[in-house]
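Heavy atoms only: backbone and side chains are in, while hydrogens, waters and symmetry mates are out. Sequence lines set the chain letters: A, B, ... in the order given, protein chains first and strands last, and positions in each chain run from 1.
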Amino acid sequence: MELHESLKKWFGYSEFRPGQREIIESLVSGQDVLAMLPTGTGKSICYQLPALLSDGLTIVVSPLLSLMLDQVQELKSKGMKQVAALNSMISKEERQSVLTHLSHYRLLYVSPEMLQSDWVLSKLKQINVRYFVVDEAHCISHWGKSFRTDYRKLAPIKRYLGHPPCLAITATATEEVRKDIKEQLQLQDESSYIYSVDRKNIALHIQETDSKETKLEQLLDYVNTVKGPGIVYFQSRKWTESAAEYLRSQGHTNVSFYHGGMVQEDRLLIQQQFMNGQLNLICCTSAFGMGLNKSDIRYVIHFHLPLDLESYLQEIGRAGRDGNQSLAILLYNKDDLGLATSMIQRDVMRSDQLVHILTALSEGGAFSPEKEVSIYTSIGVSESAFSILRYQLEQQQFVHRGNWKSFDVETVYSQMDHMLVEYRKVVERRLSNVYQWVETSQCKRERILHYFGEPAVEKPKLCCSSCGISVSDFELIQQNEDRVLGSVTDWQNQLNRVFLKEVGNGN
DNA sequence: CGGCTCTGTAGTACTACAGAGCCGGTGCGGTACT
């Protein structure tokens with residue numbers, strides 16, 4: 001069978017993992033596909049293989065520059081040369097070269113923003129676009145609705161490129177998000193392959209603490225007793241730095257921090273060191289982890305309350321991809337809700353701010369990006385909050401690129417205010433779901449699966465704090481696994497250090 | 001919510017401290033061209 005042979009030839013696997021074959025076959029037959037596969041089950045093969053077997057170009061919309069870089073490097077290392085990424089990391093000359101030789105490529109990774117360029121689109125229009133893929137498709141719904149609205153402008157592009165078969169693929173999407181993805185991409189008669197988000201080898205532990213200090217002590221305690229590698233998520237950049245410093249002062253030398261405020265080189269370095277085992281623990285914000293291809297992460301700790309359950313599941317899903325027992329710990333303190341609430345509220349502007357901005361824009365004319373920025377920053381509106389509004393105004397044809405039509409403030413105000421009220425309700429509901437989940441005495445696994453529209457499942461032995469697990473159970477299992485796997489793990493770690501390469505198969 | 005910075009004022013006449021107010025997270029591209 002051709003697919004099998006190609007799988008072996010290009011990726012070195014003799015068997016498909018669950019879901020891969022079905023997804024590939026549907027896509028190759030020309031259907032649109034919506035796929036949800038758990039993290040670490042080889043999602044990228046689902047489009048890389050069809051792309052390599054096709055006679056045209058596959059466009060892959062990818063959320064991060066580093067992710068594109070990784071994937072291109074990985075494919076090139078496997079001998080696939082017809083692969084490129086088109087983004088701001090490459091020079092203007094390189095970009096030009098890629099665009100003038102598009103027909104030489106099988107796979108082109110792009111950001112949604114890059115697809116807004118007329119130049120890029122006109123070049124893509126001239127060639128045969130075989131498949132249109134949106135990787136990490138939940139971004140359409142999450143980031144697309146706030147600070148990256150270009151994620152919600154993909155359907156017209158797909159149409160412009162002649163409606164190539166479309167694959168939207170993600171690891172975590174509720175029914176509501178999946179519906180949104182379908183609408184946004186205007187998928188037609190699509191095949192859906194939805195697999196459970198349940199990860200049985202990750203035990204869910206939630207622990208309430210009474211203060212910031214005890215939380216920090218608790219964190220140290222876990223880091224001391226549970227064997228890593230591990231990730232600790234925080235809600236602020238400052239916290240990642242001070243916690244890393246604290247842990248280092250307590251004798252954990254191979255700890256570092258990671259957040260979006262760091263320069264790209266440092267971010268790549270830290271990630272690389274974590275991959276290679278030179279770092280054992282990363283204190284980070286939500287900037288860390290997407291596309292992280294490391295199979296032996298043993299625990300993920302949340303030091304602050306996550307803002308929604310999808311993000312939470314994404315983040316804990318980075319643990320245990322090797323199938324070994326892993327642990328997700330959420331340290332929670334009543335004060336955290338205040339921080340979380342304020343963070344989501346800052347994404348939504350107040351009515352007086354809305355009036356101010358609409359008034360400033362209502363005369364119409366050409367506004368430079370700098371001018372727009374100065375309008376909203378002068379009254380303390382975040383970029384994210386502004387982009388939500390701008391997107392709506394764009395949808396209603398009040399603005400195209402930087403050119404604004406004049407409009408009546410009062411009329412537009414009532415529409416936009418209504419829209420913002422609805423948006424606020426949505427984000428508040430998402431946070432309230434997190435809170436209810438944290439507080440419930442019911443099985444955490446069952447409840448989070450319910451949130452994702454999945455029925456109750458057979459519980460693993462180490463299920464969750466409601467079902468009665470303790471971290472000492474986890475330690476015991478770790479020790480037993482070490483006894484069995486000890487020599488293998490050491491040997492793998494040695495190899496990793498020598499080849500600076502992760503052993504294992506991620507996505 | 002909590003932590004930081006800014007501002008104002010008392011008294012030490014330039015430092016000290018209180019209270020108000022603000023901010024916290026996720027990322028692309030950037031720019032003209034073709």
Practice task
Please state the P separation for the pair B:dT12 and B:dC17 - nearest whole angstrom.
Solution key: 13 Å
Exercise for the section: Using a heavy-atom cut-off of under 4.0 Å over every strand shown, decide if A:His259 touches base, sugar-phosphate, or nothing. Expected result: sugar-phosphate
Exercise for the section: Hey, could you give me the CZ/CG distance between A:Arg401 and A:Asp118, rounded to the nearest 0.5 Å? Expected result: 4.5 Å
Problem - A:Leu64 side chain, from C-beta outward: closest of B:dG27, B:dC1, B:dT31 - result: B:dG27
Problem - Touch class at under 4.0 angstrom, heavy-atom based, for A:Glu383 against every strand present - result: base
Exercise for the section: Stems involving DNA chain B: give each as a range paired with a range, ordered by first number, where a stem means at least three consecutive Watson-Crick or G-U wobble pairs under 3.5 Å. Expected result: B:1-10 with B:15-24
Practice task
Indicate whether OP1 or OP2 belonging to B:dG30 is found under 4.0 Å from a side-chain N or O atom of A:Lys92.
Solution key: no
Exercise for the section: Ignoring the backbone of A:Glu370, work out which of B:dG29, B:dG24, B:dT31 is nearest its side chain. Expected result: B:dT31
Problem - Within 45° cone and under 6.0 Å: A:Lys125 NZ/CZ vs A:Tyr160 ring - result: yes
Practice task
Could you check whether A:Met290 gets within reach of a base, just the sugar-phosphate, or nothing at all, counting any heavy atom under 4.0 Å?
Solution key: nothing
Exercise for the section: In sequence, state the C-alpha distance, the side-chain angles, and the governing distance for A:Thr240 and A:Tyr258, and then conclude on side-chain contact (heavy atoms from CB on, under 4.5 Å). Expected result: CA-CA 7 Å; A:Thr240 69; A:Tyr258 182 109; over 6 Å; no
Exercise for the section: Inspect the contact between A:Arg152 and A:Asp180 and indicate whether a charged nitrogen and a carboxylate oxygen are less than 4.0 angstrom apart. Expected result: yes
Practice task
Using the C1' atom as the reference point in each nucleotide, state the distance between B:dC33 and B:dG29 in Å, no decimals.
Solution key: 15 Å
Completion exercise
Winner on side-chain proximity to A:Phe147, out of B:dT34, B:dG24, B:dT26, is B:dT26
Practice task
Scan A:Thr172, A:Val434, A:Thr174 and name whichever one has a side-chain contact (heavy atoms from CB on, under 4.5 Å) with A:Leu309.
Solution key: A:Val434
Handout entry: Rounded P spacing from B:dG11 to B:dA16 in Å
Key = 15 Å
Exercise for the section: Please measure how far the C1' atom in B:dT9 lies from the corresponding atom in B:dC14, and state the result in whole Å. Expected result: 12 Å
Exercise for the section: Decide side-chain hydrogen bond (donor to acceptor under 3.5 Å, both in side chains) for A:Tyr332 and A:Gln207; before the verdict, give the C-alpha distance in whole Å, the side-chain angles of both, and the deciding distance to 0.1 Å. Expected result: CA-CA 6 Å; A:Tyr332 159 69; A:Gln207 184 165 346; over 6 Å; no
Practice task
Tell me what A:Asn87 touches on the nucleic acid: a base, only sugar-phosphate, or nothing, going by heavy atoms under 4.0 Å.
Solution key: sugar-phosphate
Exercise for the section: Just compare B:dG3, B:dT26, B:dC4 and give me whichever is closest to any side-chain atom of A:Ala287. Expected result: B:dT26
Handout entry: Nucleotide nearest A:Asp335 when distance is taken to its side chain, options B:dG2, B:dG30, B:dG29
Key = B:dG2
Exercise for the section: Between B:dT31, B:dG27, B:dC33, spot the one nearest the side chain of A:Arg95, thanks. Expected result: B:dT31
Practice task
From the options B:dG27, B:dG24, B:dC4, select the nucleotide whose nearest atom is closest to the side chain of A:Lys238.
Solution key: B:dC4
Exercise for the section: Examine A:His304 together with A:Tyr233 and report whether their ring centres are nearer than 6.0 Å. Expected result: no
Completion exercise
Per atom distances to the A:Ser342 side chain, the nearest of B:dG3, B:dC1, B:dG29 is B:dC1
Practice task
Flag the pair A:Phe303 / A:Trp239 as yes when their ring centroid distance falls below 6.0 Å, and as no otherwise.
Solution key: yes
Practice task
From the options B:dT34, B:dC1, B:dT26, select the nucleotide whose nearest atom is closest to the side chain of A:Leu339.
Solution key: B:dC1
Exercise for the section: Could you tell me whether the phosphate oxygens of B:dG29, OP1 or OP2, come under 4.0 Å of any side-chain nitrogen or oxygen in A:Ser111? Expected result: yes
Problem - A:Leu65, nearest nucleotide to its side chain (from B:dT31, B:dG29, B:dG24) - result: B:dG29
Practice task
Would you classify A:Lys123 as touching base, sugar-phosphate or nothing, given that sugar-phosphate means primed atoms plus P, OP1 and OP2, and contacts are heavy atoms under 4.0 Å?
Solution key: nothing
Exercise for the section: Could you tell me whether A:Ser384 contacts a base, only the sugar-phosphate backbone, or nothing, with contacts defined as non-hydrogen atoms closer than 4.0 Å? Expected result: base
Practice task
Look at the side-chain N and O atoms of A:Ser88 and state whether any lies under 4.0 Å from the OP1 or OP2 oxygen of B:dG29.
Solution key: yes
